[in-house]
*Asks:* 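Below is the structure I would like to discuss, written out as structure tokens.
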Amino acid sequence: MNPKWKLTKLERNWILYDVGNSAFTLLIATIMPIYFNYLAGNAGLSDVDYLAYWGYAASIATLVVAVLGPVFGTLADTKGYKKPIFLISLLVGAVGCISLGFARQWLVFLVIYIIAKIGYSGSLIFYDSMLSDVTTEERMDHVSSQGYAWGYIGSCVPFVVCLGLVLGSDAIGISMEMAMAASFAIIAVWWFALTVPLLKSYKQKYYVEKQPRAIRESFKRLGRTFRNVRREKKVFVFLLAFFFYIDGVYTIIDMATAYGSALGLDSTGLLLALLVTQIVAFPFAILFGRLSQKYESDKLITVCIAAYFGIAVFAMFLQTQVQFWILAVLVGMFQGGIQALSRSYYTKIIPAEQSGEYFGLLDICGKGASFMGTTVVSVVSQLTGNINKGVGMIAVLFVVGMILFRISVKVEQK
């Protein structure tokens with residue numbers, strides 16, 4: 001192996017968290033909405049209402065994190081604070097994940113899901129901001145891409161076990177509810193166990209010194225950051241662009257299985273198709289990391305946005321299982337690239353010692369966008385009674401995101 005591709009121990013430990021938390025991400029995208037459909041069906045909810053309520057729950061979780069994220073991110077930049085707050089977020093997510101196994105009523109299930117996703121999403125703010133502490137600027141694209149790549153393929157390990165439990169529950173002689181409870185527990189244990197190496201080895205390299213009133217001071221620093229972002233045009237315009245194009249990405253991730261289920265597609269086929277997404281995403285995420293050594297990150301991000309626009313248009317006309325499989329492969333090809341390169345690109349253009357608060361702002365854009373995307377899909381689906389029209393609204397946001405991103409690149413080059 002070329003020495004420049006070799007990962008350090010700290011970089012590997014950081015990547016392991018991607019492997020751990022991606023199992024929860026895959027659970028949300030696959031088994032969890034199908035189980036919610038099972039609970040909703042038992043309560044007599046229609047397919048349209050099922051999709052809408054799932055979208056509303058995702059929207060509430062992302063909105064809460066969007067509001068709290070910048071404050072927590074700013075506080076985490078204080079010396080010695082980032083790791084403890086990261087751990088708290090992790091525990092909220094993992095304990096929430098286990099608790100989902102005890103929910104038997106659809107509304108209770110959604111409430112616990114919201115809490116678990118808040119913990120998961122909050123942990124990512126601190127995790128992403130650790131990138132500047134664990135590697136160097138010239139290696140960021142490579143390390144970030146490796147994180148997503150190994151996250152995709154690694155998450156398949158507990159997912160296959162859980163899938164076997166759920167699909168084979170009758171053969172094993174256990175109920176669907178018991179199989180799901182075991183699955184939630186397996187994911188939570190996997191997630192936490194793979195975080196332990198990072199918790200042991202991570203040290204905050206960039207920080208601001210502790211202040212007498214850390215929380216009040218964090219609000220002041222956040223206010224200064226908002227003012228600075230308006231003056232730093234390259235960061236400001238990128239955040240606007242990210243708001244729009246990542247909207248479509250997160251909405252597709254959050255609602256793909258729910259969308260397929262609402263269309264009446266076979267649940268087993270949906271799960272296997274999304275497993276293929278993870279497998280396809282592994283080599284393509286690594287490929288984009290390698291390509292970033294030859295081509296500018298902004299050009300690669302542009303390619304990914306254009307590809308996602310095509311994916312969103314294709315999704316409007318989706319009707320069959322085969323089409324869903326094609327959609328799953330296409331998403332896998334570009335999902336890791338757009339997420340990893342956006343993360344490393346942003347890390348390069350912000351101050352390292354303020355990474356937490358700046359990633360808190362990025363999270364506002366990411367989670368705020370996801371809130372808008374899932375809400376728009378849910379509202380349009382209910383108003384028109386047509387799920388495809390709701391999904392089709394996503395394509396417009398990729399167009400806006402592309403335009404703003406190219407403007408941000410021109411601003412940076414001046």
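Index from 1, following the sequence.
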*Asks:* Could you grab the distance from atom OG of S22 to atom CG of L194, nearest 0.5 Å is fine?
*Replies:*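 Answer for the OG-CG pair, S22 versus L194, is 10.0 Å.
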*Asks:* Contact between Y81 and F126 at the side-chain level, heavy atoms closer than 4.5 Å - yes or no?
*Replies:*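 Result no, sub-4.5 Å side-chain heavy-atom pair not found.
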*Asks:* State yes or no: are the ring centers of F288 and Y148 separated by less than 6.0 Å?
*Replies:*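 Distance test on ring centres: not under 6.0 Å, no.
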*Asks:* So, do S145 and I286 sit near enough that their side-chain heavy atoms are less than 4.5 Å apart?
*Replies:*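 When only atoms from C-beta onward are counted, I286 and S145 do not touch, as no gap falls below 4.5 Å.
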*Asks:* Tell me yes or no: between the side chains of K205 and S132, is some donor less than 3.5 Å from an acceptor?
*Replies:*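 The answer is no; no qualifying pair exists.
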*Asks:* Side chains of S123 and N21: any donor to acceptor distance under 3.5 Å?
*Replies:*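 Distance-only check fails for N21 and S123.
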*Asks:* Are V249 and I338 close enough that some pair of their side-chain heavy atoms sits under 4.5 Å apart?
*Replies:*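 Yes, their side chains come closer than 4.5 Å.
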*Asks:* Tell me if the CZ atom of F314 is crowded by more than 12 foreign heavy atoms within 6.0 Å.
*Replies:*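 Enclosed.
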*Asks:* Just do the side chain to side chain contact (heavy atoms under 4.5 Å, CB included) check on L90 and W191 with the steps written out, would you?
*Replies:* CA-CA 9 Å; L90 164 67; W191 182 6; 3.3 Å; yes
*Asks:* Using ring-ring contact (aromatic ring centres under 6.0 Å, His included) as the criterion, point out the one residue from F244, F334, Y308, F309 that pairs with F398.
*Replies:*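 Going through the options one by one, the only one that passes is Y308.
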*Asks:* Just wondering, do F242 and I301 contact through their side chains at under 4.5 Å, heavy atoms?
*Replies:*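 The answer is no; the side chains never approach within 4.5 Å.
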*Asks:* State which residues pass side chain to side chain donor-acceptor pair (under 3.5 Å) with Y53; sequence neighbours excluded, sorted by chain then number.
*Replies:*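 Y53 satisfies side chain to side chain donor-acceptor pair (under 3.5 Å) with no residue once adjacent residues are dropped.
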*Asks:* Could you report the tightest heavy-atom contact between L16 and P197, atom names first, then the distance?
*Replies:*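 Shortest heavy-atom contact: CD1-CG, 3.9 Å.
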*Asks:* Measure up the W54 and Y113 rings against each other and bin them: parallel (under 30°), tilted (30 to 60°), perpendicular (over 60°).
*Replies:*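 Ring orientation of W54 relative to Y113: parallel.
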*Asks:* Which atoms form the tightest heavy-atom contact between I112 and A103, and what is the distance?
*Replies:*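 That closest heavy-atom pairing would be CD1-CB, 4.1 Å.
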*Asks:* Would you say the side chains of Y202 and N13 form a donor-acceptor pair under 3.5 Å?
*Replies:*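 No, no side-chain donor-acceptor contact under 3.5 Å.
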*Asks:* If I compare all heavy atoms of R12 with all of L7, which pair ends up nearest, and what's the gap?
*Replies:*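 So the two residues come closest at NH1-O, 3.0 Å.
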*Asks:* Y17 vs Y127 aromatic rings, parallel, tilted or perpendicular, using cut-offs 30° and 60°?
*Replies:*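 The rings of Y17 and Y127 sit tilted, inter-plane angle from 30° to 60°.
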*Asks:* Under the rule for salt bridge (charged side-chain N to carboxylate O under 4.0 Å, His left out), what residues qualify as partners of K203, not counting sequence neighbours?
*Replies:*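 With sequence neighbours excluded, K203 shows a salt bridge (charged side-chain N to carboxylate O under 4.0 Å, His left out) to no residue whatsoever.
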*Asks:* Which pair of non-hydrogen atoms, one from L198 and one from W14, has the smallest distance, and what is that distance?
*Replies:*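 Taking L198 first and W14 second, the nearest heavy atoms are CD1-CA, 3.9 Å.
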*Asks:* Go through it in stages, so that I can follow the logic: the residues are K82 and S129, the test is side chain to side chain donor-acceptor pair (under 3.5 Å), and I'd like the CA-CA distance, side-chain angles, deciding distance and then a yes or no.
*Replies:* CA-CA 9 Å; K82 186 172 291 186; S129 70; 3.2 Å; yes
*Asks:* Is any side-chain heavy atom of M402 closer than 4.5 Å to one of Y245?
*Replies:*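 When only atoms from C-beta onward are counted, M402 and Y245 do not touch, as no gap falls below 4.5 Å.
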*Asks:* Pairs under 3.5 angstrom only: tabulate donor-acceptor contacts from the side chains of residues 173-187 to other protein residues two or more places apart or in another chain.
*Replies:*
from : atom 1 : to   : atom 2 : distance (Å)
S175 : OG     : M178 : N      : 3.1
E177 : OE2    : Y38  : OH     : 2.9
S183 : OG     : A179 : O      : 2.9

*Asks:* With rounding to the nearest 0.5 angstrom, report the OH to OG distance, Y346 to S297.
*Replies:*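 Y346 atom OH to S297 atom OG measures 15.5 Å (nearest 0.5 Å).
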*Asks:* With a 6.0 Å cut-off (strictly less than), is the heavy-atom count around CE of M393, excluding the residue itself, greater than 12?
*Replies:*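 No, because the 6.0 Å sphere around CE of M393 holds 12 heavy atoms or fewer from other groups.
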*Asks:* Any side-chain to backbone donor/acceptor pair from K83 onto L199? Under 3.5 Å, distance only.
*Replies:*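 Yes, the answer is positive, given that a donor and an acceptor are paired below the 3.5 Å cut-off.
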*Asks:* Side chain to side chain contact (heavy atoms under 4.5 Å, CB included), that's the test. Do Y35 and L100 meet it? Break it down for me.
*Replies:* CA-CA 11 Å; Y35 183 56; L100 285 167; over 6 Å; no
*Asks:* Would you say S344's side chain and L341's backbone share a donor-acceptor pair under 3.5 angstrom?
*Replies:*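 Answer holds: yes.
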*Asks:* Report, as yes or no, whether the 6.0 Å neighbourhood of atom CZ on F192 holds more than 12 heavy atoms from other residues, nucleotides or ligands.
*Replies:*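 Count not over threshold, so no.
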*Asks:* Nearest 0.5 angstrom please: L404 CG to I305 CD1, how far?
*Replies:*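 Here the rounded value is 9.5 Å.
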*Asks:* Can you tell me how far apart CG (L287) and CG (L300) are? Round to the nearest 0.5 Å.
*Replies:*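 Taking CG in L287 and CG in L300, the distance rounds to 9.0 Å.
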*Asks:* Does E11 offer a backbone N or O that forms a donor-acceptor pair with the side chain of T8 under 3.5 Å?
*Replies:*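 Between the backbone of E11 and the side chain of T8 there is a qualifying donor-acceptor contact (under 3.5 Å).
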*Asks:* Quick one: does K299's side chain get under 4.5 Å of E296's, heavy atoms only?
*Replies:*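 In contact.
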*Asks:* Between I114 and A57, what is the shortest heavy-atom contact and its length?
*Replies:*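 Closest heavy-atom pair between I114 and A57: CG1-O, 3.6 Å.
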*Asks:* Is a side-chain donor or acceptor of S121 paired with a backbone partner of I118 at a separation under 3.5 angstrom?
*Replies:*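 Flag not set: sc S121 to bb I118 has no pair under 3.5 Å.
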*Asks:* With rounding to the nearest 0.5 angstrom, report the OG to CZ distance, S292 to R290.
*Replies:*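 S292 atom OG to R290 atom CZ measures 10.0 Å (nearest 0.5 Å).
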*Asks:* Show the numbers, then the answer: is there a side chain to side chain contact (heavy atoms under 4.5 Å, CB included) between L330 and M333?
*Replies:* CA-CA 5 Å; L330 291 173; M333 290 172 63; 4.2 Å; yes
*Asks:* Quick check for you: to the nearest 0.5 Å, what is the distance between T25 atom OG1 and K117 atom NZ?
*Replies:*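 The NZ atom of K117 is 9.0 Å from OG1 of T25, to the nearest 0.5 Å.
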*Asks:* Could you tell me whether the side chain of I311 reaches within less than 4.5 Å of the side chain of L327, counting heavy atoms only?
*Replies:*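 Yes, side chains in contact.
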*Asks:* Going by an N to O cut-off under 4.0 Å, is there a salt bridge joining D298 and K348?
*Replies:*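 Looking at K348 together with D298, the answer is no, because their closest N to O distance does not fall below 4.0 Å.
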*Asks:* Is the side chain of W106 donor-acceptor paired with the backbone N or O of N42 at a distance under 3.5 Å, no angle test?
*Replies:*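 No.
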*Asks:* Can you say whether the rings of Y120 and F24 are parallel (under 30°), tilted (30 to 60°) or perpendicular (over 60°)?
*Replies:*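 Rings of Y120 and F24: tilted, 30 to 60°.
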*Asks:* Would T347 and S144 count as a side chain to side chain contact (heavy atoms under 4.5 Å, CB included) here? Give the steps.
*Replies:* CA-CA 10 Å; T347 304; S144 183; over 6 Å; no
*Asks:* What is the minimum heavy-atom distance between G119 and V92, and which atoms define it?
*Replies:*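 Smallest interatomic distance, heavy atoms only, reads CA-CG1, 3.9 Å.
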*Asks:* Go through the structure and list residues passing side chain to side chain contact (heavy atoms under 4.5 Å, CB included) with A328, not counting sequence neighbours.
*Replies:*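 In terms of side chain to side chain contact (heavy atoms under 4.5 Å, CB included), with neighbours along the sequence ignored, A328 is linked to A273, T277.
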*Asks:* So for atom CD, which belongs to Q105, do other residues, nucleotides or ligands contribute more than 12 heavy atoms lying within a distance under 6.0 Å?
*Replies:*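 Counting other residues, nucleotides and ligands, CD of Q105 exceeds 12 neighbours.
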*Asks:* Can you tell me which residue pairs pass the side-chain hydrogen bond (donor to acceptor under 3.5 Å, both in side chains) test with a partner in residues 88-101, sequence neighbours excluded?
*Replies:*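 Not a single pair qualifies under side-chain hydrogen bond (donor to acceptor under 3.5 Å, both in side chains).
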*Asks:* Do Q323 and F317 come close enough that some side-chain heavy atom pair is under 4.5 Å?
*Replies:*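 Heavy-atom side-chain distance check fails, nothing below 4.5 Å.
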*Asks:* Let me have the donor-acceptor pairs involving side chains of residues 149-161, under 3.5 Å, with sequence neighbours excluded, atom names and distances please.
*Replies:*
from : atom 1 : to   : atom 2 : distance (Å)
W150 : NE1    : Q146 : OE1    : 2.9
Y152 : OH     : Q335 : NE2    : 3.3
Y152 : OH     : G336 : N      : 3.2
Y152 : OH     : Q339 : OE1    : 2.8
S155 : OG     : G151 : O      : 3.0
S155 : OG     : Y152 : O      : 2.8
S155 : OG     : Q278 : NE2    : 3.0

